[in-house]
Engineer: 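Okay, handing you the structure first.
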Amino acid sequence: MTKLAVRACKIAEELSKLYPAPECALTHDSPFQLAVATILSAQCTDERVNMVTPVLFKKYPTPEKIAHSTQESLEEIIKSTGFFRNKAKNILGFAHAIVNEHGGVVPQELAALVKLPGIGRKTANVVLGTAFGIASGVVVDTHVTRLANRMGLTESDDAVKIERELMHLLPQDQWINFSHALIWHGRRVCNARKPNCAECTLAKLCLKVGV
DNA sequence: CTCCCGATAT
DNA sequence: ATATCAGGAG
């Protein structure tokens, strides 16, 4: 076990004490809804997403309902999340693919998921980990990228590379909780603008306190 | 690599 | 005014 891996495990342990049961902040009632909420979360606060999804899912709760909706209707509902044209198109395409190619059910394999419109590795890992309890990888989003760099767990800014490195540093049964805990910590304490190092219990394990 | 894009904090 | 927010497609 490398020195880096030892420190990574200490960080994971400390995070698990801070956030014993880290949950997905995106409200949803099904794997399908979680996938849609995650598509909406690109470059947008989850707080904002959670204001939009209740309206969206009340009108279109299932893949079938969304598949029978329209680009314009979706755009109007999700507009405030930004990138609304792309997101509406992706959500529509995703719903069609689920209905037409997967029998209305969200597939539980990474390879199948990332082929679907609007679903990349990050979203696929969220859906598999949160909705199905499958540790397909580490979720690397803007928070994980920032914190992994600040804590000196990686030097990279490439999501795929960071994921590969973190997967090697931590045992598989910690991937899901580690992802969620890092994201939670990134929102609450180690945020981009003004990281609160003074009240961060991970500061002693961090290479870049106060930077 | 660029583009998509509204809302919010600083 | 500007940076940033649970990214993905072309």
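So you know, we letter chains A, B, ... as the sequences are listed, proteins then strands, and number each from 1. Side chains are part of it too, since the values below use all heavy atoms of this structure and drop only hydrogens, waters and symmetry mates.
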Engineer: Quick one, Leu170(A) and Cys9(A) - any side-chain contact, counting heavy atoms below 4.5 Å?
Structural biologist: yes
Engineer: Looking at dG6(B), I'd like to know if its phosphate oxygens (OP1 or OP2) sit under 4.0 Å from a side-chain N or O belonging to Arg48(A).
Structural biologist: no
Engineer: Quick one: what's the B/S/- string for nucleotides 3-10 of chain C, heavy-atom cutoff under 4.0 Å, read 5' to 3'?
Structural biologist: BSBBBSS-
Engineer: Under 3.5 Å, which donor-acceptor pairs do the side chains of residues 109-134 of chain A form with other protein atoms, sequence neighbours left out?
Structural biologist:
{"from": "Arg121(A)", "atom 1": "NE", "to": "Glu163(A)", "atom 2": "OE1", "distance (Å)": "2.7"}
{"from": "Arg121(A)", "atom 1": "NH2", "to": "Glu163(A)", "atom 2": "OE1", "distance (Å)": "3.4"}
{"from": "Arg121(A)", "atom 1": "NH2", "to": "Glu163(A)", "atom 2": "OE2", "distance (Å)": "2.8"}
{"from": "Asn125(A)", "atom 1": "OD1", "to": "Ser136(A)", "atom 2": "OG", "distance (Å)": "2.6"}
{"from": "Asn125(A)", "atom 1": "ND2", "to": "Arg121(A)", "atom 2": "O", "distance (Å)": "3.4"}
{"from": "Asn125(A)", "atom 1": "ND2", "to": "Val138(A)", "atom 2": "O", "distance (Å)": "3.3"}
{"from": "Asn125(A)", "atom 1": "ND2", "to": "Glu163(A)", "atom 2": "OE2", "distance (Å)": "3.0"}
{"from": "Thr130(A)", "atom 1": "OG1", "to": "Val126(A)", "atom 2": "O", "distance (Å)": "3.2"}
{"from": "Thr130(A)", "atom 1": "OG1", "to": "His180(A)", "atom 2": "NE2", "distance (Å)": "3.2"}

Engineer: Taking the side chain as every heavy atom from C-beta outward, state whether Ile78(A) and Val49(A) have any pair of such atoms under 4.5 Å apart.
Structural biologist: no
Engineer: Between Lys194(A) (NZ) and dT8(B) (P), how many Å, whole number?
Structural biologist: 19 Å
Engineer: Rounded to the nearest Å, what distance is computed from the CD atom of residue Glu75(A) to the C1' atom of nucleotide dC5(B)?
Structural biologist: 12 Å
Engineer: Mind checking the P distance from dT2(B) to dA6(C)? Whole angstroms is fine.
Structural biologist: 24 Å
Engineer: As an exercise, state the distance from CZ of Arg146(A) to CG of Asn191(A), rounded to the nearest 0.5 Å.
Structural biologist: 6.5 Å
Engineer: In whole Å, what separates the C1' atom of dC5(B) from that of dA3(C)?
Structural biologist: 14 Å
Engineer: Side-chain contact, heavy-atom cut-off 4.5 Å: Cys44(A) with Lys87(A)?
Structural biologist: yes
Engineer: Does one side chain, of Ser41(A) or Asp46(A), offer a donor that lies under 3.5 Å from an acceptor on the other?
Structural biologist: no
Engineer: For residues 152-165 of chain A, which residues have at least one heavy atom under 4.0 Å from DNA chain C?
Structural biologist: none
Engineer: So what does Lys79(A) hit on the nucleic acid, given a heavy-atom distance under 4.0 Å: a base, only sugar-phosphate, or nothing?
Structural biologist: sugar-phosphate
Engineer: Quick check: closest heavy atoms across Gln174(A) and Ala12(A), and the distance to 0.1 Å?
Structural biologist: OE1-CB, 3.3 Å
Engineer: Any carboxylate oxygen within less than 4.0 angstrom of a Lys/Arg side-chain nitrogen, looking at Lys10(A) and Glu13(A)?
Structural biologist: no
